[in-house]
There are 2 protein chains.
Amino acid sequence: MKVKEVADLVGISVRTLHHYDEIGLLIPEETTDAGYRIYSDENLETLQQILFFRELGFPLKKIKEIIDSPSFDQQEALEMQHRMLLKEKNRLEQMIGTIEKTIQHLKGEIHMSNKEKFTGFDFSHNPYEQEAREKWGDQAVDEANEKAKNMTAFDQEKFNEVFRSLAAIRHLSPDSKEVQEKITKWHLFLNEMRNYSLDAFKGLGQMYVDDERFTKNIDQFGEGLAKFMCTAMSVYVDRNKK
Amino acid sequence: MKVKEVADLVGISVRTLHHYDEIGLLIPEETTDAGYRIYSDENLETLQQILFFRELGFPLKKIKEIIDSPSFDQQEALEMQHRMLLKEKNRLEQMIGTIEKTIQHLKGEIHMSNKEKFTGFDFSHNPYEQEAREKWGDQAVDEANEKAKNMTAFDQEKFNEVFRSLAAIRHLSPDSKEVQEKITKWHLFLNEMRNYSLDAFKGLGQMYVDDERFTKNIDQFGEGLAKFMCTAMSVYVDRNKK
DNA sequence: TTAAAGTACCCCGTAACGTGAGAGTCAATA
DNA sequence: TATTGACTCTCACGTTACGGGGTACTTTAA
């Protein structure tokens, strides 16, 4: 495919493709005698990756690093992008909520703190570092996946048990004794499998809400369980931290 | 409030606030004798507006124009931003769908056309022009162009042909042989472009009714055609599923 | 075979800040 | 009261990711 075909297909400019070629980010597989750039299907797949990363706010330099990395795994990348996009979607939903509230606020229907007026804006100034380092970072292999694959039926049953019992008491306050006891067990149990730091544990709880694959699975045990566990886990961590 | 307080509250940098002051986009209501910028609550509201517009991809110059405009109405703006954010959310959802499909594609579970690999990316390169011009517009918009851009004239004609022929027989029962034959063709034709699963196909039919942009377009070929197609498509899917 | 459309390369422009540098300001503490 | 550390100010140059114009060559459709 020639530049314009590609450009039109994906909705970017020809200049952008030139630029990506210039900086070595996406070099067409072939060039004709006249110097025309010819893009292969593989090139297109790479371009898709590039655009996903770009959408997520990665600078081109970083994108190049990532896709050039020998340890780069497309599927893994896609899965990360998937999670990040879900987060991004969440942020958008928050902003939408903020707008709705602001409209009501304007009509004098409700009150709004200054802080509330900006929920959803903050994207932490380098949203990706967090996750990206985890994945392609210095070390940090995907040990979670490994373990999950090897999970025995026994472990699986234990998981379910935790969820069921928590679902049963999800009407209680997240910081009640009963709930916190369960959460403690949950933490200990998880630590048998993989070594979760307190922060990681809290992060996991957040994932229950952020990632709808988690949410879905967990909520099967009871409506709103994911959110409930997220809160309870957060309380647990904050308490045990200091 | 002083710069850093504001910056921290909303999640932007101090430099950004300086910049906005420089270009006259957000001038603090007050400055101390020492030259410190002091932001008022009203300033914060303006800032919120600015950030919403920025999120939507508006260049700062345009934002300035808009907020400075005498006809600027905050509530109206918020409502527009609300609509645009919803669209943006839609786009994100499409991208998420694309990622999910790509993962499946990678596993060899499904096929994907090149075109499909990029659905959700194209934001027409100036996403705001669409609505913004409508509201604060310099001139008229051609919104039809936007949609048809990605479609060849040939495809377009085929689309129309389907709608016309279906409109012609919309007095028949949705599960009649003639109708179902047309729907089958319709399904095959759509599969040439993107890969619709049966469920997705049914979902599409539902969209014809739910989303008034679809409804409008389709009903141009005949009153009630959208609803008719929705039903017929549903019948078709249910029949072919098991 | 000729006009229109596409492509290449070059190079300057720009938007929205980032990033010091150097100097003054403010509030809490020793 | 003096000091310290966190903030603040104003230049001013740097950066990123292209946009856009100009000019010359190539391809393609009529």
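So that the names make sense, note that chain A is the first sequence line, chain B the second, and so on, each numbered from 1.
The CZ atom of A/F52 sits 9.5 Å away from atom NE2 of A/H82, with the distance rounded to the nearest 0.5 Å. Atom CG of residue B/L60 and atom CD1 of residue B/I67 lie 9.5 Å apart, to the nearest 0.5 angstrom. Interatomic distance, NZ of B/K64 versus CD1 of B/I50, reported as 10.0 Å (0.5 Å rounding).
With rounding to whole Å, A/I23 atom CD1 is found 10 Å from D/dC18 atom C1'. In this structure, B/D21 atom CG and C/dC17 atom C1' are separated by 14 Å, rounded to whole Å. We find that CD1 of B/I12 is positioned 8 Å from P of C/dC17, with the value rounded to whole Å. For A/K61 and D/dC18, the NZ to C1' distance is 16 Å, given to the nearest whole Å. Here the C1' atom of nucleotide C/dA16 and the CD atom of B/E55 are 16 Å apart, to the nearest Å. To the nearest angstrom, P of C/dC11 lies 17 Å from NE2 of A/H19. Taking atom CG on A/L26 and atom C1' on D/dA17, their separation rounds to 15 Å, with Å as the unit. When rounded to the nearest whole Å, the span between CG of B/L17 and P of D/dT8 equals 10 Å.
If you check every strand for non-hydrogen atoms under 4.0 Å, A/V14 touches nothing.
Here the nucleotide nearest the side chain of B/L60, chosen from C/dC17, D/dT16, D/dC18, is C/dC17. Here C/dC11 is the nucleotide among C/dA8, C/dC11, D/dT16 with the atom lying nearest to any side-chain atom of A/R15. Distance from the side chain of A/K4 is smallest to C/dG6 among D/dT8, C/dG6, C/dT19.
Around atom CD of A/E42, no more than 12 heavy atoms belonging to other residues, nucleotides or ligands sit under 6.0 Å away.
The side chain of B/Y20 contributes no N or O atom lying less than 4.0 Å from OP1 or OP2 of C/dA16. Under 4.0 angstrom from either OP1 or OP2 of D/dC9 there lies at least one side-chain N or O belonging to B/H18. Dashed line: the shortest gap from a side-chain N or O of A/S13 to OP1 or OP2 of D/dG19 is under 4.0 Å.
Exactly one of A/T32, A/T31, A/D21 qualifies for a side chain to side chain donor-acceptor pair (under 3.5 Å) with A/R37. That residue is A/D21.
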Could you list all N or O pairs between the protein and nucleotides 24-30 of chain D that sit under 3.5 Å apart?
residue, atom, partner, partner atom, Å
D/dT26, O4', A/Y36, OH, 3.2

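The base of C/dT7 lies outside donor-acceptor range of the side chain of A/R37, with no N or O pair under 3.5 Å.
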### Message
For a side chain to side chain contact (heavy atoms under 4.5 Å, CB included) check, start with the C-alpha distance between A/E88 and B/M95, then their side-chain angles and the critical distance, and finish with the verdict.
### Response
CA-CA 11 Å; A/E88 186 58 16; B/M95 287 192 55; over 6 Å; no
### Task
Show the numbers, then the answer: is there a side chain to side chain contact (heavy atoms under 4.5 Å, CB included) between B/L47 and B/Y39?
CA-CA 10 Å; B/L47 181 53; B/Y39 293 86; over 6 Å; no
